[in-house]
Amino acid sequence: MNDLQDPNGGLISEMVVKNRDVWAVPREVPLREMTVMPYGHGTALLTFALHCPLEQNDLLLITAGPAGMGLAAIDLAVNVYKAKVIAICDTESSSDLVREKGAHKTVSMNKNYTKLYKNIADAMGDKKAKIAYDAVGKGLLHLMADFVDPEKGQLFSVDPFFNKETFKASKPEYELPKKKERTEEHEQQAAKLIDNIKHVDLYEHEDEDVYRQMISDTVEMRVQRMVHGHISKVFMMKEIQEAVDFILQKQCTGKVLVDVKCEDDDKCEDEKGAATQEEKKKDD
């Protein structure tokens, strides 16, 4: 959990870190999953437990992009809080995955961008969400605000590069309905929600005890098999460019790992197979 702002990261076998960023990993938890779960699941837990407490059957709108932050939020919302999630996905393949994770409905944004608003409206029906949780950016919260309860709902961004003032002044990539299709009251309600957007980032949380508790709780939930980390693909160190291309081409949903130790193709495949079998045994 070394801070993203720390310039001392790198591919090294030993390093010095702050004691606040170190946890003992229980034997029941695959190490590979613990490389991907704390940040995504921990940030979602911080949102759903402290900023806007979730209850069973609450309705959420969650965007799920290639970085896996949205996927972690869906996993937590559905499997821990028993909430209902409508997921906005960047690709059709990710739509399939989030449905497997338990999303109630999915909307794909990789085609018919101009119809995205209508497709979300169709998925929502006459209901309003308690939370719109955006892990993608691209101005999607401008669009999602129309589908959030104006009295009890909240908008959250977990995009690490989110800037509230820049966001409010920006034009979304996705078209909003023409003014004649939205009442003045509707526009005022959406504007109020946008004014109160919260940016949540576990790394930036100022309370060290809360920060550590979120990750400790995430670890415990994985021990209890309530949540799971999702890894799109594992690459060897010599395949680093392929790993980057895999992400840039949006072939991934979830995290991509680079195995910095393995250099021999056959040995690495054997290790991957053995690790997969061991993880299956633990889950069984």
Side-chain angles (χ1 to χ4, degrees), residues 4 36 39-44 46-48 51-52 59-78 85-99 101-121 123-124 129-148 153-176 190 193-194 197-204 230 232 244 246-256:
L4 287 175
V36 304
Y39 186 42
H41 284 77
T43 297
L46 183 64
T47 305
F48 302 153
H51 290 296
C52 188
L59 181 62
L60 287 77
L61 263 174
I62 299 178
T63 61
M69 294 291 285
L71 196 63
I74 293 166
D75 188 25
L76 187 73
V78 171
V85 171
I86 294 178
I88 304 172
C89 307
D90 62 337
T91 64
E92 288 295 338
S93 59
S94 62
S95 296
D96 294 338
L97 178 60
V98 299
R99 279 192 291 268
K101 290 287 186 180
H104 182 58
K105 294 180 182 178
T106 61
V107 177
S108 176
M109 60 184 178
N110 73 328
K111 57 184 179 181
N112 295 327
Y113 285 170
T114 57
K115 296 182 179 179
L116 184 57
Y117 186 97
K118 180 181 182 302
N119 291 341
I120 296 175
M124 295 290 294
K130 182 175 183 176
I131 289 175
Y133 186 96
D134 178 37
V136 175
K138 300 183 180 180
L140 277 166
L141 282 173
H142 281 291
L143 181 148
M144 296 163 72
D146 277 5
F147 304 102
V148 175
Q154 286 185 263
L155 306 182
F156 292 94
S157 171
V158 295
D159 176 3
F161 305 104
F162 178 81
N163 178 284
K164 188 173 182 178
E165 295 308 315
T166 302
F167 171 83
K168 287 168 65 175
S170 66
K171 181 180 178 181
E173 290 188 19
Y174 306 94
E175 293 184 14
L176 292 169
L193 285 166
I194 289 172
I197 288 175
K198 288 185 179 179
H199 178 233
V200 181
D201 189 328
L202 185 63
Y203 282 136
E204 296 179 357
H230 180 77
S232 286
V244 172
F246 186 74
I247 295 170
L248 293 178
Q249 294 166 11
K250 293 188 176 181
Q251 297 180 51
C252 65
T253 300
K255 297 299 184 182
V256 172

[X] to [Y] - nearest heavy-atom pair and separation:
X: Asp146; Y: Ala190; answer: OD1-CB, 3.3 Å
X: Ala64; Y: Val98; answer: CB-CG1, 4.1 Å
X: Ala44; Y: Ala73; answer: CB-CA, 3.8 Å
X: Met124; Y: Leu61; answer: SD-CG, 4.1 Å
X: Gly40; Y: Ala72; answer: C-CB, 3.6 Å
X: Ser157; Y: Leu141; answer: CB-CD1, 3.9 Å

Are any of the side-chain heavy atoms of [X] and [Y] separated by less than 4.5 Å?
X: Ser232; Y: Lys255; result: no
X: Thr43; Y: Tyr203; result: no
X: Leu116; Y: Leu143; result: yes
X: Phe156; Y: Ile131; result: yes

Let me confirm one number: the [atom1]-[atom2] distance from [X] to [Y], rounded to the nearest 0.5 Å.
X: Thr63; Y: Asp134; atom1: OG1; atom2: CG; value: 3.5 Å
X: Lys138; Y: Asp159; atom1: NZ; atom2: CG; value: 11.0 Å
X: Gln154; Y: Leu193; atom1: CD; atom2: CG; value: 9.0 Å
X: Asp75; Y: His230; atom1: CG; atom2: NE2; value: 10.5 Å
X: Lys101; Y: Ile62; atom1: NZ; atom2: CD1; value: 13.0 Å
X: Met69; Y: Leu202; atom1: CE; atom2: CG; value: 8.5 Å

[X] side chain to [Y] main-chain N or O, any donor-acceptor pair under 3.5 Å?
X: His51; Y: Val200; result: no
X: Thr166; Y: Phe162; result: no
X: Lys105; Y: Ala123; result: yes

Exercise for review: Begin from the C-alpha positions of Lys198 and Leu155 and carry the test side-chain contact (heavy atoms from CB on, under 4.5 Å) through to its verdict.
Suggested key: CA-CA 6 Å; Lys198 288 185 179 179; Leu155 306 182; over 6 Å; no
| message | I'd like to check the side chain to side chain donor-acceptor pair (under 3.5 Å) partners of Lys168; sequence neighbours left out, ordered by chain and number. | response |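 Side chain to side chain donor-acceptor pair (under 3.5 Å) list for Lys168, sorted by chain: Asp195.
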field: Criterion side-chain contact (heavy atoms from CB on, under 4.5 Å) on Ile86 and Leu59, from CA distance to verdict
entry: CA-CA 8 Å; Ile86 294 178; Leu59 181 62; 4.1 Å; yes
Qualifying residues under side-chain contact (heavy atoms from CB on, under 4.5 Å), relative to Val78, sequence neighbours excluded
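side-chain contact (heavy atoms from CB on, under 4.5 Å) list for Val78, sorted by chain: Ile74, Val85.
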task: Would you please classify the geometry between the Phe48 ring and the Tyr133 ring as parallel, tilted or perpendicular, with 30° and 60° separating the classes?
output: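 Tilted.
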Do the two ring centres, one from Phe161 and one from Phe167, sit under 6.0 Å apart?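 No, too far apart.
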